[in-house]
Amino acid sequence: MRELETAFPEELSIVSVHSPKFAAEQFTSSVREAVLRYGITHPVVNDRRMRLWQEYAVRAWPTLMFVDPEGRVIGRHEGEINPEAGKALLTAMVKDFDAAHLLDHRPLRFTQETAPEAALAFPGKVAVQPEAGRIAASDSTHNRVMILDMTGKVRQVIGSGEEGHADGAFEQARFKRPQGILFDGDLLYIADSENHLIRRANLVTRQVETIAGTGRQAGMGEEPTEGPAREAALSSPWDLALVSNDLYIAMAGEHQIFVLHLDSNIIEPFAGSGIEGLQDGPRHEAMFAQPMGLALNENDTLLYVADSETSAVRGVELTGEQEVITFVGTGLFDSGDVDGVGDEVRLQHVQGLSCANGQVYLADTYNNRVKILYPQRREVISYAGTGLAGYKDDIISVAQFNEPGGLAFSGGKLYVADTNNHAIRMIDLNEGKVETLNVRFDDTV
């Protein structure tokens, strides 16, 4: 939509209609946060009761309706549209309506809010490297990555803050809403989600390079989706995990897990057929639905996957039969906030995972909670957060979060990217308390 808005600033007016799939998406406050997070500048309608969805006979997310200058629906497109095809279609429409003297070229003006003026804006993921005493946070809406010391003081800023794609020195590099981040010694791997790229930052030389992706979204051009990494088109890479020289990627836009072989610079699908759904079995036949979080078990033999659209936690065996299994979650339209065992568990758009002490901590994003999965018995219990969106430091039973998206464990603490609170929170697992990391650019404590 941004490409079309830019190409036709005086001819095209876009109005987004948000028809919620998940219960938490009905709230206008949640929609507002999403509008700010993604920098949407056109009007957005919250169709919380699905009225417009029904009146326009919509069947799929997303659906584009084309309305002519006289208010008549003249076209419909289900699914994402290729920007170049969209531009060609609109060019023809503009020509026809101009010839009929129907098109008003006066620009529309809207008032709009902007992302908060804070150290972090909608941080998506967090990583911790205790041996180096540093924390990384993907400062997603500021289009950069922050390297902090363990007290929250900013040590390095990776990216200029300007939206775009540019390699080079930290001060000149550009990102577009980065998400997953991963330490590997003095290297930091970054899932540059909206650029559809994998980037690598050298924390010693202070240089950023692109190691996978063309910058075009898979499915929108003719580029292959596997092979030499810089020649392959990716689609919304969201999180990362590293085993030896294999970098696993939660490719949310492809409903698959990819692997980038760092020794050969070859990228390929590792698990998932590419069909959206929930199906276990051999890794290439299994189905995922917008995987957005990854975590490895303690001996790197199992890759846990936060399968967000199915509100499920999945596992991919990295040894043996390499099967895909489901721990909790039952389908694309099954969500809720229910603790329990196996198929009775209900999560709501879980996005983040972290393993510790044989347990898997879950960022149950739309439930505003952190939960614990005991994988051997497939049991999930609520751990921290009340379930209500809010911001409160306290003991875990009364603390509040607002759509947490990423987790990292280190030194008896669970670090939480509390996305809509623009904060990194810390849960002391021994004391059962939540506090906020004081992210700052100076020496103030």
**Q.** Residue of the set L278, T310, V324 for which side chain to side chain contact (heavy atoms under 4.5 Å, CB included) holds with F288
**A.** V324

Do [X] and [Y] make a side-chain contact, defined as non-hydrogen atoms from C-beta onward lying under 4.5 Å apart?
X: Q217; Y: S236; value: yes
X: S140; Y: R37; value: no
X: L414; Y: Y383; value: no

Q) CD of E321 to CZ of R283: how many Å apart, nearest 0.5 Å? A) 11.5 Å

Q) Can you tell me how far CD1 of I396 sits from OG1 of T386, rounded to the nearest 0.5 angstrom? A) 12.5 Å

(Q) Using modelled atom types and a 3.5 Å cut-off, is there a donor and acceptor pairing between side-chain atoms of R144 and backbone atoms of S160? (A) no

Q. With distance as the sole test, does D307 use its side chain to make a donor-acceptor pair with the main-chain N or O of A289 at under 3.5 Å?
A. yes

Among all residues two or more places apart in sequence or in another chain, which pass the ring pair (Phe, Tyr, Trp, His ring centres under 6.0 Å) test with [X]?
X: H196; value: none
X: Y189; value: none
X: F409; value: none
X: F270; value: Y248

Side-chain donor-acceptor contact under 3.5 Å, [X] with [Y]:
X: R346; Y: S335; value: no
X: Y361; Y: Q359; value: yes
X: D280; Y: T326; value: yes

Q | Partner set under side chain to side chain donor-acceptor pair (under 3.5 Å) for E317, not counting sequence neighbours | A | none

Identify each donor-acceptor pair in which a side-chain atom of residues 426-435 lies under 3.5 Å from a protein atom, sequence neighbours left out, and give them as a table.
residue: D428; atom: OD1; partner: N430; partner atom: N; Å: 2.9
residue: D428; atom: OD1; partner: E431; partner atom: N; Å: 2.9

Q) Using 4.0 Å as the upper bound for N to carboxylate O, is an ion pair formed by R134 and D186? A) yes

Q. Only one of R200, R199, K176 clears salt bridge (Lys or Arg N to Asp or Glu O under 4.0 Å) with D192; which?
A. R199

Q. Do the rings of F22 and Y366 sit parallel, tilted or perpendicular, given the 30° and 60° boundaries?
A. perpendicular

